[in-house]
Amino acid sequence: MPSTPAVEAERLHKRYRAKVAVEEISLSVGAGEIFGVLGRNGAGKTTTVEMIAGLRRPDRGTVRVLGLDVRRDRARLRQVLGVQLQDATLHHALTVTELVRLYATFYPDPVPAGELIESVSLTDSARTRFDNLSGGQQQRLSIALALIGRPRVVILDELTTGLDPEARRHMWATVEGLRESGVTVLLVSHAMEEVERLCDRVALLDAGRVVALDSPAGLVRRAGFAQRVTFRAASPVPEGLLEGLAEVERVRADGDRVTVEGKGDLLQAVSVALVRAGVVATETRSVQANLDDAFVALTGHRLDPEEESTR
């Protein structure tokens, strides 16, 4: 008998005046799963997770978290759901320790303050006021406060924005530890490496709709190619030479730079064809397709990290 989903959203719809931000989005997230949400600025990511968290009312549709209705059961929901939003604002005059101790009073069995502060590498800043923290430190504190009540479901919006590489890896390890302890994580992120490492499944959002939902590897497969070969051609490549290869899905030329996308033993097939045609290729590179490639193939545009302060 299948287990009840930790998060179940059905046909969520949200409009802001003339703009539809979220249109008929349905998601089902399993217990203990790390579920990623990817999309460009304006794709509806943050609006969707805010409705799942009960922070924004949908125009229509329903959300249940661990069987709780997010609107009717708000008091019970706060005890099992932790939320870290990208632009969270905390009391500017309180220190890290004071904020953690304040939030601890909201829960019957909070994580000890010192342990939690250490887990997000803020021990050296424990007596620093919120206003005097760097952007990355404020982000880590926001994450700590989302975890203080030992939640069974956590929403993390842009988990590692503003963090240095060491802090980023530390937060990844923290999220992996949450999964190991059975916590369900909804992760909104534009960092492809982060999503590929952490997420069991990913929903790609575009213009308020889910355009694809699969594992990171599954999305790459669905994009229609598995790898890419690039090279510079010392002489023109005969027309149709590469397009006729069984391994080739697409060929693009930009001056003497040629990019070939395909599957199977693509590099060998391209190399043999060029040698037989007498074309000298230099600067040859073979790259496996990744989630960024899949995003472009499935949505028609590239995800720009500089745009990500999404609604």
Side-chain angles (χ1 to χ4, degrees), residues 2-88 146 151-159 183-190 195 198-216 218-219 222 294-295 298-301 303 307-311:
S3 59
T4 302
V7 177
E8 191 157 26
E10 295 184 354
R11 305 190 69 177
L12 293 180
H13 185 95
K14 185 66 179 179
R15 175 189 291 271
Y16 297 109
R17 296 180 182 174
K19 177 179 174 57
V20 176
V22 173
E23 187 171 2
E24 301 297 316
I25 282 182
S26 295
L27 299 171
S28 181
V29 183
E33 183 176 21
I34 300 180
F35 188 94
V37 180
L38 274 177
R40 300 180 84 202
N41 183 37
K45 305 189 306 297
T46 295
T47 298
T48 297
V49 297
E50 286 180 347
M51 288 190 288
I52 290 173
L55 301 175
R56 192 171 297 274
R57 185 186 295 273
D59 296 331
R60 61 176 179 267
T62 61
V63 181
R64 301 189 76 83
V65 175
L66 299 173
L68 301 174
D69 183 289
V70 299
R71 302 302 302 181
R72 293 198 307 265
D73 303 317
R74 297 184 66 174
R76 294 169 62 193
L77 183 69
R78 283 197 294 269
Q79 299 301 312
V80 295
L81 175 66
V83 181
Q84 171 262 323
L85 297 178
Q86 188 177 1
D87 298 319
R152 293 168 56 197
V153 177
V154 179
I155 295 174
L156 301 174
D157 190 353
E158 301 299 346
L159 171 71
V183 176
T184 301
V185 179
L186 267 68
L187 179 65
V188 179
S189 178
H190 68 264
V195 171
L198 296 177
C199 294
D200 300 299
R201 290 188 300 148
V202 183
L204 299 188
L205 269 60
D206 192 39
R209 289 181 172 272
V210 176
V211 296
L213 197 163
D214 208 330
S215 66
L219 290 172
R222 290 174 62 177
F295 186 90
L298 294 168
T299 67
H301 41 239
L303 182 66
E307 295 180 348
E308 291 304 301
S309 60
T310 182
R311 268 257 181 267

Indicate the atoms forming the closest heavy-atom contact of [X] with [Y], along with that distance.
X	Y	answer
G82	P151	N-CB, 3.5 Å
K45	V188	CE-CG1, 3.7 Å
A212	L298	CB-CD1, 4.0 Å

Query raised in the report: Hey, are E24 and R60 close enough for a salt bridge, meaning a charged N less than 4.0 Å from a carboxylate O?
Result: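 Yes, this pair counts.
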Do the side chain of [X] and the main chain of [Y] share a donor and acceptor less than 3.5 angstrom apart?
X	Y	answer
D206	V211	no
D59	R15	yes
R71	G54	yes
S189	V195	no
R222	L213	yes
D73	R76	no

**Report entry** salt bridge (Lys or Arg N to Asp or Glu O under 4.0 Å) involving R201 - partner list, sequence neighbours excluded
**Finding:**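 Scan of R201 (salt bridge (Lys or Arg N to Asp or Glu O under 4.0 Å), adjacent residues dropped) gives E33.
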Query raised in the report: Can you list the residues that meet the salt bridge (Lys or Arg N to Asp or Glu O under 4.0 Å) rule with R78, with sequence neighbours excluded?
Result: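 Partners of R78 by the salt bridge (Lys or Arg N to Asp or Glu O under 4.0 Å) criterion come out as none, since no residue qualifies.
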Query raised in the report: Taking it one step at a time, do V22 and M51 satisfy side chain to side chain contact (heavy atoms under 4.5 Å, CB included)?
Result: CA-CA 10 Å; V22 173; M51 288 190 288; 3.9 Å; yes
Query - I52 CD1 to F35 CZ distance, which is reported to the nearest 0.5 Å - result: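 Here the rounded value is 8.0 Å.
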Requested in this report: Return yes if a side-chain donor-acceptor contact under 3.5 Å exists between T46 and D157, otherwise no.
Outcome: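 Checked: T46/D157 side chains pair up, N/O donor to acceptor below 3.5 Å.
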